[in-house]
Amino acid sequence: MKGLKRSCYCGDVRREHVGEKITLMGWVNRRRDHGGVIFIDLRDRFGLVQVVFSPEVSEEMFEIADELRKEFVIAIKGEVIARPEGMVNEDLATGAIEIYAEELHILDRAQTPPIQVEDDINSSEEMRLKYRYLDLRRKPMQDNIILRHKVKQAVRNYLDNKDFLDIETPMLTKSTPEGARDFLVPSRVNKGQFFALPQSPQLFKQLLMVSGLERYYQIVRCFRDEDLRADRQPEFTQIDIEMSFMSQEEIMDLIEGMIQEVFKIAGFEAPTEFPHMSYHEAMDRFGSDRPDIRFGLELIDVSDAVKDAEFKVFSGTIAKGGQVKGINVKGGVDFSRKDIDELTDFAGIYGAKGLAWMKIKEDGVQSPIAKFLAENELNSMLDAMGAETGDLLLFVADTPKVVAASLGNLRLKIGKDLGLIDQDEFNFVWITDFPLLEWDEEAKRYVALHHPFTMPKEEDIDLLDKDNAGKVLSQAYDLVLNGIEIGGGSIRINNSKLQSKIFNLLNMDEEEIEEKFGFLLEAFQYGAPPHGGIAFGLDRLVMLLGGLETIRDVIPFPKTQRATCLLTEAPSMVAEAQLEELGIEVEEQIEID
RNA sequence: GGGGAUGUGGUGGAGUUGGUUACCACGCCGGCCUGUCACGCCGGAGGUCGCGAGUUCGAGUCUCGUCAUCCUCGCCA
């Protein structure tokens, strides 16, 4: 660095430094060449400052400055000068001063960057990912990274103050059934055997409770080999927490305190409202277990009103155990036929076979289905829906699952399209009282809704048999922010008999239980404390705090939707010798014409 | 595995019913300019229109296939 020592950051120079000789290092953000004088905006992580090159200060440096281009890395030494009156830049934190450069050293030259380093995105995400190191020079991206850091720091401070220990758990671990597809890692020492990367440190944190560590946390990478989405990456970061001797309510209280701390440190007002809602109520009113309750447009059940209707689409569906529900789009009477067709197609994505509609006009109800409904049926529908002149009512008749998915998502779409959502609001809700198990029609067995280590509600434990298991509720809780699940947890089973019973209900035989979870059941035989915990999706939390649309913007080096890294071009082929060492053969792709 | 959107100089976009020299902005290069800060002015370079077939006298434009990126259903305890 040419023997120079950086004396301060570009963004930190202020009026009080006037008269001082300082040394700055950074990147050339912009060059303005006025012939007789050259201005450089010098950038480092902390901001921008204007550097002036004038032949009156140094003829030699002025000539070198002529060579400077965008993204050159330079060091300059010079005096801080107060800008003359009228030349102060109010938009810049350092706008009251400028540096008259007496020394200039080019530390590294730069080719013209393929994407421009500017605040406003001027390139496709594909380009940004390929040149991520340049994309990350942009201030909005650096802000995201800094926000992420602050959130992690707030979590650490809060939990540290509450006697939690940061404890690491293995990344090379055991593949388990249930849950997401595992990423596998072949074992060279034990050919033909595989480690799995953790989907979460679930079992280890429970074992740490058995070990008596009492309060554990870890900000930890987790891996799930499933298809990607805007808010799903194959590797993501979890704030993982577990504690002993705490009830569900105590855990939720503690977590609310953590969220408040995170918001404060991230520069937001601490949220105060953390309402609770049962899973059943969430599904009923919003068609989702992660309801966005920033707006209304709730789902209303009209099954009772139409169960005997001549209209078979309604009555027939109810007879088969289905339901008919609707949403009331206030003032939606102006929706065109084309608009409604589009909504119908949208509902179809989620399995709805159709979308019935009614427009409430001055002169009565306009609807293609009105003629199939008796007057009293129509009236009780309108009554249930709270219909008024100017409203558009939309109905779906199907299984409860399809009704919830289609109307729930339709509600979100219309809420967004109509601008019913306050974008600046942070709205939390705890979802509780989840069913412990869900019947999987395809697999013909129960599957765990949360995970198989979740403690049933104490009063429901007697119901744990093949016939009634679907009715059992669990001591599980999800924290939902603005319609996105940011955390989920539960009180865990700490008793090997009960745990075995759950495994049995999940259709695991004794042999499989022993092979997959023998170590856990054994651990529970040596004095396991009551315990529970929660895990937060750090990426999603930071995304929401940053007002962003995708977690890729808060992950320095994310994968594309096809799970590749455009920067490193991973994954890639490996040398034959590497495979041989692992005892792995790759099947040739057979091409068929 | 399914549905949808997009792909045009370095970057982002426009390109009409298929029609002859593919346009704009930013960036880049050169010149001028001592107060700009998205500097300005003048000039210039830069294109296998993602790739491959097909239709046509003629394809950036139409058809089919394919690849890539994004959104999404399934999937994600």
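In what follows, chains carry the letters A, B, and so on, assigned in the order in which the sequence lines appear, proteins first and then strands, with residues in each chain numbered from 1.
Here side-chain hydrogen bond (donor to acceptor under 3.5 Å, both in side chains) pairs that include residues 474-491 of chain A, with residues two or more places apart or in two chains, are A:S490-A:R492.
Distances shorter than 4.0 Å separate some side-chain N or O of A:R552 from OP1 or OP2 on B:C71. Regarding contacts with the backbone of B:U36, every side-chain N or O of A:Q50 stays at 4.0 angstrom or more from both OP1 and OP2. The phosphate of B:U69 has OP1 or OP2 within less than 4.0 Å of a side-chain N or O from A:T560. The shortest distance between the side-chain N/O atoms of A:R69 and the OP1/OP2 oxygens of B:C29 is below 4.0 Å.
As rounded to whole Å, 9 Å separates atom C1' of B:C71 from atom CZ of A:R229. As a whole-Å value, the separation of A:L228 CG from B:C70 P is 8 Å. Counting to the nearest Å, the P atom of B:U36 and the OH atom of A:Y100 are 12 Å from each other. With rounding to whole Å, A:D231 atom CG is found 13 Å from B:C75 atom C1'. Put simply, CG on A:N409 is 16 Å from P on B:C71, counting in whole angstrom units. Atom CG of A:D33 and atom P of B:C29 are 12 Å apart (whole Å). The CG-C1' distance, from A:L410 to B:C73, rounds to 15 Å in whole Å. Straight-line distance from the CZ atom of A:R30 to the P atom of B:G40: 9 Å, rounded to whole Å.
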Scoring nucleotides 4-14 of chain B by protein non-hydrogen atoms under 4.0 Å (B base, S sugar-phosphate only, - none) yields ------BSS--
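The residues A:K174 and A:E515 are annotated as not salt-bridged, no charged nitrogen and carboxylate oxygen being separated by less than 4.0 angstrom. Between A:R411 and A:D292 there is no salt bridge, since no side-chain nitrogen of the basic residue lies less than 4.0 Å from a carboxylate oxygen of the acidic one.
Separation of the C1' atoms belonging to B:U61 and B:G74 is 35 Å when rounded to the nearest angstrom. When the C1' atom is used for both B:C32 and B:U69, the distance is 43 Å, rounded to whole Å. When the C1' atom is compared between B:C33 and B:C71, the two are found 49 Å apart, to the nearest whole Å. Taking atom P in both B:U16 and B:U63, the straight-line distance is 14 Å, to the nearest Å. Comparing the C1' positions of B:U21 and B:G2 gives an interatomic distance of 45 Å, to the nearest angstrom. The P atoms of B:C49 and B:C23 are separated by 15 Å, rounded to the nearest whole Å. Rounded to whole Å, the separation between the P atoms of B:C41 and B:A5 comes to 41 Å. As rounded to the nearest Å, B:G60 and B:A22 have C1' atoms that lie 8 Å from one another.
Contact of the A:P201 side chain with the A:P170 side chain is not registered, since no non-hydrogen atoms from C-beta on lie closer than 4.5 Å. Residues A:R132 and A:M141 have side chains in contact (heavy-atom distance under 4.5 Å, counting atoms from C-beta outward).
The base of B:C39 lies outside donor-acceptor range of the side chain of A:R31, with no N or O pair under 3.5 Å. In this model, no side-chain donor or acceptor of A:R32 finds a partner on the base of B:C33 within 3.5 Å.
Contacts of A:L48 with the nucleic acid, taken as non-hydrogen atoms under 4.0 Å apart, are absent. A:T564 comes within 4.0 angstrom of the backbone, heavy atoms only, and of no base.
Pair assignment for B:C70 gives B:G4, based on Watson-Crick or G-U wobble hydrogen-bonding distances that are each under 3.5 Å. Searching all strands for a Watson-Crick or G-U wobble partner of B:G44 with both distances below 3.5 Å returns B:C28.
Annotation: of the two residues near RNA chain B, A:F453 and A:D91, the 5′-most nearest-nucleotide partner is A:D91.
Legend: residues meeting ring pair (Phe, Tyr, Trp, His ring centres under 6.0 Å) with A:H451, ordered by chain and number and at least two apart, are A:F453. For A:F204, the ring pair (Phe, Tyr, Trp, His ring centres under 6.0 Å) criterion is met by no residue, not counting sequence neighbours.
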Show every donor-acceptor pair shorter than 3.5 Å between a side-chain atom in residues 46-55 of chain A and any protein atom, with sequence neighbours excluded, or say none if there are none.
from  : atom 1 : to    : atom 2 : distance (Å)
A:Q50 : OE1    : A:R32 : NH2    : 2.9
A:Q50 : NE2    : A:E98 : OE1    : 3.0
A:S54 : OG     : A:E56 : N      : 3.1

Quick one: do A:D135 and A:R128 satisfy salt bridge (Lys or Arg N to Asp or Glu O under 4.0 Å)? Show the steps, please. CA-CA 5 Å; A:D135 190 40; A:R128 292 171 53 208; 3.0 Å; yes
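Closest contact between the side chain of A:T112 and the listed nucleotides B:C28, B:A68, B:C76 involves B:C28.
The CZ atom of A:R138 sits 7.5 Å away from the CG atom of A:D119 when rounded to the nearest 0.5 Å. Residue A:R290 holds its CZ atom at 12.5 Å from CG of A:L481, rounded to the nearest 0.5 Å.
A side-chain donor from one of A:S336 and A:D339 sits under 3.5 Å from a side-chain acceptor of the other.
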Please write out the pairs of protein N or O atoms and N or O atoms of nucleotides 47-51 of chain B separated by less than 3.5 Å, giving the distance to one decimal.
none

